[in-house]
Amino acid sequence: HRQHDQTVPRVIVTTDDSWRLVEYPVATADHPGDSADSVEAVSTTAEQSGCNSGALQQMPAELTRYGVRPKKYLATKETPEQEWGGTYIETRVHSGGGYSVRSITVADLADNGPLETAGLKCGDTIIGVNGQNISQWTHEEILLELSTSETELELSVIPDTEQQIKYLLFVDLSPRDLEHVWALRNLTHLHISGAVLRNGIVDLRMITCKLVLQDLAVSKCELEELEGIKGLDRFVNLRRLNLDHNRLTTLDDLTIAKLSRLEEIRLGNNNLEKFPVVLTELPRLKSISLVYNLISTIPEQVVEMRSLEALHLDHNYLSHMPEFVTHQLPSLRALTFS
């Protein structure tokens, strides 16, 4: 959550039962790093915390600590001939949707070697060497930089423990906040609220856990079209999609059709004039929220939704509810409209 007078982005996180605000350490001379002092307690109520209520309502109950924060390590050798730590690295390429980034992962460390002494652990991912970003380097270039460092080696690292994060919420997101999300290989829940969009785009192509992600929310981002979420069609195992509080007028049928495992979709507070017919083609869809839109009719294809349990249509332009909705949906348990 970025206050208007702050230059440092913040992310809401939780430990135990209390909310926290954690400053995201921007890599500049004015804000060099990671500090426990940047954690402060805040209230869970929107009025006292200054956070929008929608973000708090949609926050997962077990949101883990925000941890996509590279740490700096300085390894030193007594002599140039000394080994940095034996056979300790493997090269990984993380790619998806035309996005590609290269990193090296610590696979083994020599006991009491320079790297272990500096604080590195097996599983840590190295994304920078001697102040240089290695995301586009070849395998040979990475190894050359490591081998030519004589007695000092500065490494920028995403610790393995922070790569295990499953739940993450950004409030007032800026494009650079997603820079290292590719490292979260176990991410299952990603919620973005109030993003500062560049050219109307939320670029999720760098997310490499495309088969793991189950819950995605992109709300209050002023999205005008679904194509603004780059890489959405890659999340084929997505169960829940929340696009509340945007400016959508239509949905992209090809993208939605690829999300065949969706069970819940929230499209409230948009500018949809028609019930998205493509939703009737999703065989597992159980819950639809289309509140506060401009919908005046419901298509007959709705009767094909044999799994639909909840349909919320409050505050649209519906003059009546067709009988095929109330009589031909065998699983329907909740229907609201006004």
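Here the CG-CG distance, from Asn242 to Asp215, works out to 8.0 Å after rounding to the nearest 0.5 Å. Taking OG1 from Thr326 and CG from Leu332, the interatomic distance works out to 9.0 Å, rounded to the nearest 0.5 Å. Distance CD1/Ile201 to CG/Leu223: 10.0 Å, rounded to 0.5 Å. Considering CG of Leu226 and OG1 of Thr255, their distance stands at 5.5 Å, rounded to 0.5 Å. The CD atom of Gln328 sits 9.0 Å away from atom CD of Glu323, with the distance rounded to the nearest 0.5 Å. Between the CD atom of Gln214 and the CG atom of Leu190 there is a distance of 13.0 Å, given to the nearest 0.5 Å.
In terms of heavy atoms, Leu308 sits closest to Lys286 at CD1-O, 3.5 Å. Residue Gln132 comes nearest to Glu145 through the heavy atom pair NE2-OE2, 3.5 Å, listed as atom of the first residue, atom of the second, then distance. When all heavy atoms are compared, the tightest approach of Asn316 to Leu290 is ND2-O, 2.9 Å. The two residues Ala75 and Leu115 have their closest heavy-atom pair at CB-CD2, 3.9 Å. Closest of all the heavy-atom pairs between Ile134 and Gly128 is CG1-N, 4.1 Å. When every heavy atom of Gly123 is checked against every heavy atom of Thr105, the shortest pair comes out as O-CG2, 3.7 Å.
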Test Ile104 against Trp137 for side-chain contact (heavy atoms from CB on, under 4.5 Å), laying out the working first.
CA-CA 11 Å; Ile104 52 178; Trp137 288 18; over 6 Å; no
Apply the test side-chain hydrogen bond (donor to acceptor under 3.5 Å, both in side chains) to residues Ser219 and Asn246: give CA-CA distance (whole Å), side-chain angles for both, the deciding distance (0.1 Å), then the verdict.
CA-CA 6 Å; Ser219 61; Asn246 284 295; over 6 Å; no
Is there a salt bridge (Lys or Arg N to Asp or Glu O under 4.0 Å) between Glu264 and Arg240? Walk through the geometry before answering.
CA-CA 5 Å; Glu264 178 183 354; Arg240 290 169 293 279; 5.1 Å; no
Before you tell me yes or no, could you show the steps for Thr297 and Phe275 under side-chain contact (heavy atoms from CB on, under 4.5 Å), namely the whole-Å CA-CA distance, both residues' side-chain angles and the distance that decides it to 0.1 Å?
CA-CA 7 Å; Thr297 60; Phe275 187 108; over 6 Å; no
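Residues Pro70 and Ile127 have side chains in contact (heavy-atom distance under 4.5 Å, counting atoms from C-beta outward). Asn269 places none of its side-chain heavy atoms less than 4.5 Å from the side chain of Asp244. Lys71 is listed as a side-chain neighbour of Pro159, based on a closest heavy-atom distance under 4.5 Å. The shortest distance between side-chain heavy atoms of Asn270 and Thr249 does not fall below 4.5 Å. No side-chain heavy atom of Val129 sits under 4.5 Å from any side-chain heavy atom of Glu154. A 4.5 Å side-chain heavy-atom check between Leu313 and Ile298 finds at least one atom pair inside the cut-off. Using a 4.5 Å heavy-atom cutoff, the side chains of Asn112 and Glu116 are in contact. Side-chain atoms of Leu279 and Pro276, non-hydrogen and from C-beta on, do get closer than 4.5 Å to each other.
Remark: the backbone N or O of Glu78 is paired with a side-chain donor or acceptor of Gln82 at under 3.5 angstrom. No donor-acceptor pair closer than 3.5 Å links the side chain of Arg261 to the backbone N or O of Phe235. Counting only distance, with no hydrogens or angles, the side chain of Lys72 and the backbone of Ser156 share no donor-acceptor pair below 3.5 Å. Arg239 contributes a side-chain N or O that, together with a main-chain N or O of Asn237, makes up a donor-acceptor pair within less than 3.5 Å. At least one donor-acceptor pair under 3.5 Å links the side chain of Asp124 to the backbone N or O of Asp160. A donor-acceptor pair under 3.5 Å is formed between the side chain of Asn293 and the backbone N or O of Leu267. The backbone N or O of Arg306 lies less than 3.5 Å from a partner atom in the side chain of Ser331, making a donor-acceptor pair.
Under 3.5 Å, the side chains of Asp314 and Thr336 contain a donor-acceptor pair of N or O atoms.
Under the 4.5 Å side-chain heavy-atom criterion for Ile, Leu, Val, Met, Phe, Trp and Tyr, Ile295 and Val291 are members of distinct hydrophobic clusters. Side-chain heavy atoms closer than 4.5 Å link hydrophobic residues (I, L, V, M, F, W, Y) into clusters, and following such links, possibly through other members, connects Phe324 to Met321. Both Ile142 and Leu109 sit in one connected hydrophobic cluster of ILVMFWY residues. Membership requires side-chain heavy atoms under 4.5 Å apart, directly or through other members. Cluster membership for Phe337 and Val303, using ILVMFWY side-chain heavy atoms within less than 4.5 angstrom, is shared. Ile207 and Val212 are members of different hydrophobic clusters when ILVMFWY side chains are connected at heavy-atom separations under 4.5 Å.
Under a cut-off of 6.0 angstrom, the local environment of CD in Glu227 is crowded, with over 12 non-hydrogen atoms contributed by other residues, nucleotides or ligands. Atom NZ of Lys274 has 12 or fewer heavy atoms from other residues, nucleotides or ligands within 6.0 Å. Heavy-atom neighbours of Glu304 CD from other residues, nucleotides or ligands within 6.0 Å: above the threshold of 12. Annotation for Glu225: atom CD counts as buried by contact number, over 12 foreign heavy atoms lying within 6.0 Å. Atom OH of Tyr73 has more than 12 heavy atoms from other residues, nucleotides or ligands within 6.0 Å.
Between Glu309 and Arg333 there is no salt bridge, since no side-chain nitrogen of the basic residue lies less than 4.0 Å from a carboxylate oxygen of the acidic one.
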